[in-house]
Amino acid sequence: AAAAAGAAMSATVTTASAAAVVAPAAAMDSAAIPNPLRTKRRLLFCPTEYCDQMAKPSVAQSPYLLTLGRLLHSRVEVFWTGARVVSHQIGLGSLQELTRTLQRKPLIWDNLFANDYDVRQLFMGPLADRPGRLVQRIAGFIINPNCQFHANFVPIHTLGTWVREGDTYDEERALELALAAWLPAFQTKTEETLFDLQDLRDTVDLFYLPHRQGRFTHTLYADYNAFVASHGQDTVPLQGRLRRMTTLVQRLQTVANRELVDALFPYLSWLSELGEGVLRNLPRLAHDVADLELLTERPHKGGMNCVLWALADRPRQLQNAAIFPASPLMLKDIYHVCLLTGNAGQDATPLFHEIPFALGERWCGGYVVNSDCLSYVLMDQRGVSGYVLATPDSQQFYPFLENVWLPFVRQKYRYPEGDRSAWSAADQLIAELYKPTIFLPEEIYREYPAHLHIDLLPRAQGHGNGKRMIQLLLSNLRARDVVGVHLEMHASNDRALGFYKSLGFVPLPGPMDRHDVIYMGMKLFD
């Protein structure tokens, strides 16, 4: 589905040809205006009002949509997401009204499985609450998928079943077919371990749909409500359900497909940690059981995360933080962490208050936007509280940094003038954007080709988060057969030095003219 969308959107439209698309029909015959619709390509258009909620005052009365229907060439297809940006249901009645307004069938762009607005979530359940008869009322159907490629097997597989079966589509049967087709991808490393069909079903149930929970979650609700109804005495079913998530994490780690494991592990391990926190809280929950409320189905975003947070937050909040893949949408949050830790681990705001993003743009942004890099963030209830960023191959990354990323960044900064010795810290940072300091001698690259950056806010330090993030990163580097990794740190940061040594990093020879930095490395294979 994503490939089809990409192919359909591949045609570029010039200003002149765009004018032809919305011009009266007679203008379409003018040889003076190149017409993209004379080719066999499909031209897809996303309107400003692309769902019922955005149409003002309504779909039938929107001046904007009525104008599109009247003037937009009949072969231009129009995106529509349904009642809302993320529509729980897409009904036939509303689409009939839209078709009359646009004077064409809409092309559904379904955000049911999209997680780019909150990368802490996955939505791996089946296509649901889209009637089979919809196929005859639309020009096409495109899924906007999870950002994590491997999380989209069930959504896309069930889309195919939905198109094929129409009115006879059954969500549960389609899910079973998709799981059976996906299971071979979860082959384990040895015959002694097994990730079976029930493991896969429970995993998908934990990350079902934005507005609906899976079967595993429904059972957890029932177990928790039985615990409350028994005044805290009936704990065995709830404990078993929570421990099941830890078992799923352990079994997932035995799967041989490392890309698949890397995609799902951060999310499943986070739920497991929350579940363990709930187990620790059960005695206190039982003590205050009279104040607890029964859990009911809540149609909101959040999935299983919200359920476990609710359990763990009664009567106290968990202090755990979880690791998730970073997204360019998080750049400002990552830059904020970089600024608050950018002075040898201390707050660098006094030094760079006039250019608060520049530090992160130099040391973080290039990794997050480069798909060849590994980028993770640490998130707690207050948001991003840390990050770890790495490139598996420094020699390949630095040309991208110098020739692609930094030229884009420094457009908004003027190179400092005057005597370099009189430059402020901000001036020196801007100069670094123009002429980055890069130290990569051949002997280091040969044995430690990868390099990393990690920073944690004070509230995230001292809880083992840094170690967890480094271990996740090293696991991913080993899966890519990277032989070693190095890093650069400020010489005065004694706490960081002790931390890296405790993980097995050793000092490396640094540049002779710089005494303010220390280089450290770790070999990833014996």
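The first residue of the sequence shown is numbered 1, and numbering continues consecutively from there.
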**Prompt:** Hey, does the Lys NZ or Arg CZ of Arg201 hover above the aromatic six-ring of Phe216, less than 6.0 Å from the centre and inside 45° of the axis?
**Reply:** no
**Message:** Is there a side chain to side chain donor-acceptor pair (under 3.5 Å) between Asn465 and Gln461? Walk through the geometry before answering.
**Reply:** CA-CA 7 Å; Asn465 292 318; Gln461 298 175 11; over 6 Å; no
**Message:** Quick one: does any side-chain atom of Ser272 pair with a main-chain N or O of Leu268 as donor and acceptor, under 3.5 Å?
**Reply:** no
**Asked** Which heavy atom in Ala460 sits nearest to a heavy atom in Leu378, and how many Å separate them?
**Response** CB-CD2, 3.6 Å
**Message:** What verdict does the ring pair (Phe, Tyr, Trp, His ring centres under 6.0 Å) test give for Phe79 and Tyr50, after you've listed the backbone C-alpha separation in whole Å, the side-chain angles of each residue and the deciding distance to 0.1 Å?
**Reply:** CA-CA 7 Å; Phe79 282 134; Tyr50 57 81; 9.2 Å; no
**Item:** Glu417, CD atom: more than 12 neighbouring heavy atoms under 6.0 Å
**Value:** no
**Request:** Would you mind telling me which of Tyr267, Tyr387, Tyr376, Phe265 makes a ring pair (Phe, Tyr, Trp, His ring centres under 6.0 Å) with Phe324?
**Result:** Tyr267
**Asked** Is the distance between the ring centroids of Trp162 and Phe141 less than 6.0 Å?
**Response** yes
**Prompt:** Quick check: are there more than 12 heavy atoms from other residues, nucleotides or ligands sitting under 6.0 Å from NE2 of His336?
**Reply:** no
**Asked** Which of parallel (below 30°), tilted (30 to 60°) and perpendicular (above 60°) describes Phe153 and Trp182?
**Response** parallel
**Asked** Looking just at side-chain N and O atoms, do Gln213 and Tyr208 make a donor-acceptor pair shorter than 3.5 Å?
**Response** no
**Message:** Using the ring pair (Phe, Tyr, Trp, His ring centres under 6.0 Å) definition, which of the options Trp363, Tyr398, Phe505 pairs with His451?
**Reply:** Tyr398
**Item:** Ring centre gap for Phe113 and Phe123 strictly below 6.0 Å
**Value:** no
**Asked** Checking Arg410 against Tyr434: charged group under 6.0 Å from the ring centre and within 45 degrees of the axis?
**Response** yes
